[in-house]
Amino acid sequence: MVGSDESLVEVRRQAIQAAFDAGKPADERNRLGQFATPYALAVEIARYIRLVAGDQLQTIRFADPALGTGSFYSAVLAAFGREQIVSAVGIELDPALCSAARDLWAPFGLDVVQGDFTHIVDTFQRPDAPNLILTNPPYVRHHHLHREEKERLRALVFRMTGVHVHGLAGLYVYFMLLATAWMAGGGYAAWLVPAEFMDVNYGTALKRYLTDHVTLLRIHRFDPQDVQFGDALVSSAVLVFRKVPPPPDHVVDVTFGGRLSNPWFSEHIPLQCLRDSRKWTVYPRHACNDRSLSSTVDTFTLGDLFRIQRGIVTGNNAWFVIERARAAQLRLPPQFLRPVLPAPRFLNTTIIEADPDGYPQIEPQLCVIDCNLPEPVVQAQFPTLWEYFQMAEQAGVRRGYLIERRNPWYRQEHRDPAPFLCTYMGRGTGERRPFRFIWNRSRAIATNLYLMLYPTGYLAQLLQRHPDAAADVFALLHQLNSNELRGEGRVYGGGLHKIEPAELARIAASGFVERWPELQAGAHRQFALFEDVG
């Protein structure tokens, strides 16, 4: 049990942490991934480690590579007591947090090191490697990492672990792999990390490492509605593992919801099931876990019927997406204006009818400015459009990350109008679908807040012969399995779901074949043609 001195220091630590959080802008802490671990959760994690480790941790060499103010060290003191801790080190990049942690915990045996763990770990000299790592690594998204830094991290991880990390991985993935390489064989670790790695492509290498190189003991995924960090909308998970190879018949305790010590439900998942699964958030399998994967064996999927593509990324919707009436007021040439749908939150219908000129019958009508002509031509022939571009340039629009890489900078991606769309983000539990399907009967394109579904192959031929069948296609899209839509996508804190084109393409579409058996026959004929050509 924690002593009275440690209890008083913990009260001080929480006050210091609260003052730090209040004094630093939220956007800066978001960029740096500084989200403090709640003390009650840190203690719960430390006590769980004590339970599963048993006699294997009679003496503790503790380390936290992302120390903050020392929430996890305080928790280790509470769970194990000072007598078991023979050494302890915490590494922290932020000088203010480092100074606070040193002042708080140095009298209790913690060696606080100021610096970047990913630089220190390669040359860190200590008598013995840690056998207990408890940490909440920085949640820094990949787009906040410079290209040179990513290359350094990827090379370092490969040299220390042999793992090729995906370029879209967040900083916490590098932390976990590097710290595990650093820790002693047989040691225990618990990581509080975003749950998104379980479902995305960049998490594949990390998942393979967790199933092949360490013994994964527990995965606890918090309910996405139960945000662990009040200032970060991220769905969180606790991973507990031991640095020993897993036995052949190993099973993993996978839990969901509630607290680590009292989850809503759990399931023992054979390790091989995790190895074979594209998405780990479908476990534990329970009626309350409204996520499942499509069975694509001998099953038609949306990808067999549609080409699915994200909508356009303008780089600055405030300038390039404009009300049609405003464009007329500015006398912008109509040949450089394309009708575009508003953001889903402003779209109050799922069937978009068209005016005679192809614009959607919604208010306000929007258009996107799209011109491929060189600047001298625009300046000479279309002075009102040139004036608008000059206003945008003076406002700094041209310096945008995406825009400055386009030539010309005001040219948009090409998209044809899609007859069907799916919202990219949404909320919904149970039978309520997280994403909305749209039947687009207008000539409007869409921004990247939508996925655009273009019928292909035999379905496209069917719709050409029987245009009225589009109503049936729209109805069948609305009958897709809600749990599969959630399961193939990914979920973030607060219950926000997202789905990418490749994920939507995996959704089972057997209802289409039941409605039109000729789709399957047509597909077989197409496959046969391809085989003949080969």
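When a residue number appears, it is its place in the shown sequence, counting from 1.
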What pair of heavy atoms forms the shortest contact from [X] to [Y], and how long is it?
X	Y	answer
L67	E92	N-OE1, 3.6 Å
T215	V244	OG1-O, 2.8 Å
V76	L134	CG2-CD1, 3.4 Å
L347	P342	CD1-CG, 4.1 Å
F108	L104	CD1-O, 3.6 Å
T161	A181	CG2-CB, 3.8 Å

Answer whether the closest heavy-atom distance between the side chains of [X] and [Y] falls below 4.5 Å.
X	Y	value
R415	Q309	yes
D223	W264	yes
P194	Y172	yes
F241	Y209	no
T281	F256	no
H213	K243	no
E149	L153	yes
F72	N136	yes

Item checked: Test: R506 and E488 ion pair at under 4.0 Å ->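 Looking at E488 together with R506, the answer is yes, because their closest N to O distance falls below 4.0 Å.
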Note to self: Please determine whether a side-chain nitrogen of the Lys or Arg among K279 and E503 lies less than 4.0 Å from a carboxylate oxygen of the Asp or Glu.
What the structure shows: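 Looking at E503 together with K279, the answer is yes, because their closest N to O distance falls below 4.0 Å.
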Notebook entry, point to check: For the ring pair F117 and W182, is the centre-to-centre distance below 6.0 Å?
Noted result: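 Between F117 and W182, the centre distance is under 6.0 Å.
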Margin query: Going by side-chain hydrogen bond (donor to acceptor under 3.5 Å, both in side chains), name the residues that satisfy it together with D116, two or more places apart in sequence or in a different chain.
Written below: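 Listed in chain order: T118.
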Next item on the list: With sequence neighbours excluded, tell me which residues meet side-chain hydrogen bond (donor to acceptor under 3.5 Å, both in side chains) with Q17.
Entry: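 Result, side-chain hydrogen bond (donor to acceptor under 3.5 Å, both in side chains) vs Q17: D21, T69.
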Note to self: Consider side-chain contact (heavy atoms from CB on, under 4.5 Å). Of I507, L453, L480, I308, which one does C422 pass it with?
What the structure shows: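 Considering I507, L453, L480, I308, a side-chain contact (heavy atoms from CB on, under 4.5 Å) with C422 is found only for L453.
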Measuring from [X]:[atom1] to [Y]:[atom2], what's the distance to the nearest 0.5 Å?
X	Y	atom1	atom2	value
R208	L274	CZ	CG	10.5 Å
T37	I45	OG1	CD1	7.0 Å
D276	Q272	CG	CD	4.5 Å
S236	W191	OG	CH2	14.5 Å
W280	L210	CH2	CG	5.0 Å
M452	F306	CE	CZ	13.5 Å

Verify, without hydrogens or angle tests, whether [X] (side chain) and [Y] (backbone) share a donor-acceptor contact under 3.5 angstrom.
X	Y	answer
T180	M176	yes
H250	L216	yes
S266	V254	no
E151	E148	no
E413	V313	yes
R427	P434	no
R406	T314	yes
T211	K207	yes

Just checking, any donor-acceptor pair under 3.5 angstrom between side chains of [X] and [Y]?
X	Y	value
D304	T301	yes
N262	R259	no
Y39	E44	no

With a cut-off of under 6.0 Å to the ring centre and 45° to the axis, is [X] in cation-pi contact with [Y]?
X	Y	answer
R310	Y450	no
R218	Y48	yes
R102	Y73	no

Next item on the list: Decide side-chain contact (heavy atoms from CB on, under 4.5 Å) for V397 and I403; before the verdict, give the C-alpha distance in whole Å, the side-chain angles of both, and the deciding distance to 0.1 Å.
Entry: CA-CA 8 Å; V397 172; I403 295 171; 3.6 Å; yes
Next item on the list: Please lay out, stage by stage, how L192 and T135 fare under the test side-chain contact (heavy atoms from CB on, under 4.5 Å).
Entry: CA-CA 6 Å; L192 177 59; T135 191; over 6 Å; no
Notebook entry, point to check: Could you walk me through whether R147 and K150 pass the side-chain contact (heavy atoms from CB on, under 4.5 Å) check?
Noted result: CA-CA 5 Å; R147 180 176 58 83; K150 284 185 186 180; 5.7 Å; no
Margin query: I'd like to know whether D199 forms a side-chain contact (heavy atoms from CB on, under 4.5 Å) with R278, so could you lay out the CA-CA distance, the side-chain angles of the two residues, the decisive distance to 0.1 Å, and finally the verdict.
Written below: CA-CA 7 Å; D199 288 343; R278 295 193 312 273; over 6 Å; no
Next item on the list: Tell me, please, which residues at least two apart from E267 pass salt bridge (Lys or Arg N to Asp or Glu O under 4.0 Å).
Entry: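 Salt bridge (Lys or Arg N to Asp or Glu O under 4.0 Å) check on E267 returns R285.
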Item checked: Set of residues satisfying salt bridge (Lys or Arg N to Asp or Glu O under 4.0 Å) with respect to R61, sequence neighbours excluded ->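 By the salt bridge (Lys or Arg N to Asp or Glu O under 4.0 Å) rule, R61 matches no residue at all.
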Next item on the list: Would you please name every residue forming a ring-ring contact (aromatic ring centres under 6.0 Å, His included) with Y202, sequence neighbours left out?
Entry: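 Result, ring-ring contact (aromatic ring centres under 6.0 Å, His included) vs Y202: none returned.
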Note to self: According to side chain to side chain contact (heavy atoms under 4.5 Å, CB included), who are the partners of R405, at least two apart in sequence or on a separate chain?
What the structure shows: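 With sequence neighbours excluded, R405 shows a side chain to side chain contact (heavy atoms under 4.5 Å, CB included) to Y401, given in chain and number order.
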Check: Are T204 and N201 close enough, and set up right, to give a side chain to side chain donor-acceptor pair (under 3.5 Å), and what steps lead you there?
Finding: CA-CA 6 Å; T204 301; N201 287 338; 4.9 Å; no
